[in-house]
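A quick write-up on the structure given underneath.
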Amino acid sequence: RTSSMGPVYSRSRAGEHPRFRGWFDCVRVHSVAVVSMIHLERAGTGRRLSVPDAVVTVLSSREHTGDAYEVMLIEAPGGTPPPLHSEPWPKTYYLLRGRILVLLDGEGCELATGDTLTIEAGTMNSFSVLTDDAVFLLVCPGTGMSGFFTDVDALGKQYLPEDALMSRFGQIATRYGIRFAEEVLP
């Protein structure tokens, strides 16, 4: 049997699949809860947001995690890095492709494919892409990061004079508790 998501294995038949052999024996008591609580985001799907320094795809958000955390795919080209800033939540980078230099309170930490870095809430940070582009997962607790990216994406679709655009950007950052090391200038 198949569905739009591919082959469907019933609980009894799933044990026949090589990847699941024996798995259902371990979780049988919880299998109904697990099945009813899943969210599958296929490759190439997810809410895509454009921000000045990257394209952000929200893969798992508040609706899927009960506001506990969010997972985003960041596709960043080489070029001007985002300004040095801090958020009121921790965040974790997991680099999938390329190399980036993460600035943390004035010190640099270079990440290559497969590296993971967790940043404490309130740490001044930014990143520079060291290759043509970089792709990484960003994991954050709560819902602030995707909320900020969503509002910045919407702001970018407005045709405003530069001073009004920067004023609104500052208001968005303040709403989410994001602070900048220096005033962000146009």
Side-chain angles (χ1 to χ4, degrees), residues 37-157 166 168-185:
M37 299 290 289
I38 68 165
H39 169 76
L40 173 63
E41 197 69 58
R42 291 288 185 190
T45 64
R47 187 171 35 135
R48 289 179 62 83
L49 307 168
S50 292
V51 297
D53 54 352
V55 173
V56 176
T57 303
V58 180
L59 301 175
S60 190
S61 64
R62 66 182 307 160
E63 298 84 16
H64 313 122
T65 68
D67 293 346
Y69 65 92
E70 28 190 34
V71 179
M72 291 154 278
L73 179 71
I74 311 295
E75 298 168 275
T80 305
L84 197 59
H85 62 281
S86 70
E87 301 93 350
W89 52 79
K91 61 184 180 182
T92 298
Y93 292 87
Y94 176 73
L95 201 63
L96 298 168
R97 183 177 74 222
R99 287 184 15 252
I100 62 174
L101 178 67
V102 180
L103 297 176
L104 305 164
D105 285 335
E107 304 222 4
C109 180
E110 189 172 325
L111 301 180
T113 300
D115 289 347
T116 302
L117 175 70
T118 299
I119 300 173
E120 185 176 296
T123 303
M124 282 290 168
N125 69 93
S126 183
F127 71 90
S128 296
V129 176
L130 302 176
T131 49
D132 289 338
D133 66 350
V135 178
F136 55 91
L137 293 176
L138 185 62
V139 181
C140 303
T143 61
M145 196 87 246
S146 69
F148 174 74
F149 287 149
T150 298
D151 289 354
V152 170
D153 175 70
L155 179 63
K157 294 175 182 165
M166 294 311 294
R168 292 246 180 103
F169 179 78
Q171 292 168 0
I172 291 168
T174 299
R175 183 175 338 133
Y176 289 97
I178 296 172
R179 296 179 313 123
F180 295 96
E182 298 177 10
E183 182 178 342
V184 179
L185 300 173

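Taking CG of Asp105 as the start and OG of Ser86 as the end, the distance is 8.5 Å to the nearest 0.5 Å. Taken to the nearest 0.5 Å, the OG1 atom of Thr150 stands 4.5 Å off from the CG atom of Leu49. To the nearest 0.5 Å, the span separating OG1 on Thr92 from CD1 on Ile119 amounts to 8.0 Å. In this structure, SG in Cys140 is found 7.5 Å from CZ in Phe149, a value given to the nearest 0.5 Å.
Without hydrogens or angle criteria, Asn125 side chain to Leu104 main chain gives no donor-acceptor distance under 3.5 Å. No donor-acceptor pair under 3.5 Å is formed between the side chain of Glu87 and the backbone N or O of Met145. Side chain of Ser126 to backbone of Pro82: a donor-acceptor contact under 3.5 angstrom is found. With hydrogens and angles disregarded, no donor-acceptor distance shorter than 3.5 Å links the side chain of Tyr93 to the backbone of Phe136. Distance alone, capped at 3.5 Å, is enough to place a donor-acceptor pair between the Thr131 side chain and the Arg99 backbone.
At least one side-chain heavy atom of Leu96 sits less than 4.5 Å from a side-chain heavy atom of Leu73. The side-chain heavy atoms of Glu70 and Thr143, taken from C-beta on, include a pair separated by under 4.5 Å. Within the 4.5 Å cutoff, side-chain heavy atoms of Trp89 are placed close to those of Ile178. Inter-residue side-chain proximity for Pro81 and Leu101 is flagged as unmet; no heavy-atom pair is nearer than 4.5 Å. Inter-residue side-chain proximity for Met124 and Leu103 is flagged as unmet; no heavy-atom pair is nearer than 4.5 Å. At least one side-chain heavy atom of Leu155 sits under 4.5 Å from a side-chain heavy atom of Phe169.
Pairing each heavy atom of Leu117 with each of Cys109, the nearest pair is CD1-SG, 4.2 Å. Taking every heavy atom of both residues into account, Asp53 and Pro77 meet most closely at O-CD, 3.6 Å. Contact record, Tyr94 with Gly114: CE1-O, 3.4 Å, taken as the closest heavy-atom pair. Closest non-hydrogen pair, Leu111 versus Leu95, comes out as O-CD2, 3.2 Å. Counting all heavy atoms, side chain and backbone alike, Ile74 lies closest to Ala54 at CG2-CB, 3.7 Å.
Phe180 and His85 have tilted rings, their planes meeting at an angle from 30° to 60° on a 0 to 90° scale.
For Tyr69, the OH atom counts as loosely surrounded, since its 6.0 Å shell holds 12 or fewer non-hydrogen atoms of other residues, nucleotides or ligands. Heavy-atom contacts from other residues, nucleotides or ligands closer than 6.0 Å to CD of Glu120 number 12 or fewer. Heavy-atom neighbours of Arg175 CZ from other residues, nucleotides or ligands within 6.0 Å: above the threshold of 12. Counting non-hydrogen atoms of neighbouring residues, nucleotides and ligands closer than 6.0 angstrom, the CZ atom of Arg47 exceeds 12 such neighbours.
Using a 4.0 Å cut-off between charged side-chain N and carboxylate O, Arg168 and Asp151 make no salt bridge.
Each of Glu63, Arg62, His64 was checked for a side chain to side chain contact (heavy atoms under 4.5 Å, CB included) with Ser60, and the lone residue meeting it is His64. Exactly one residue among Leu59, Thr57, Val56 makes a side chain to side chain contact (heavy atoms under 4.5 Å, CB included) with Met72. That residue is Val56.
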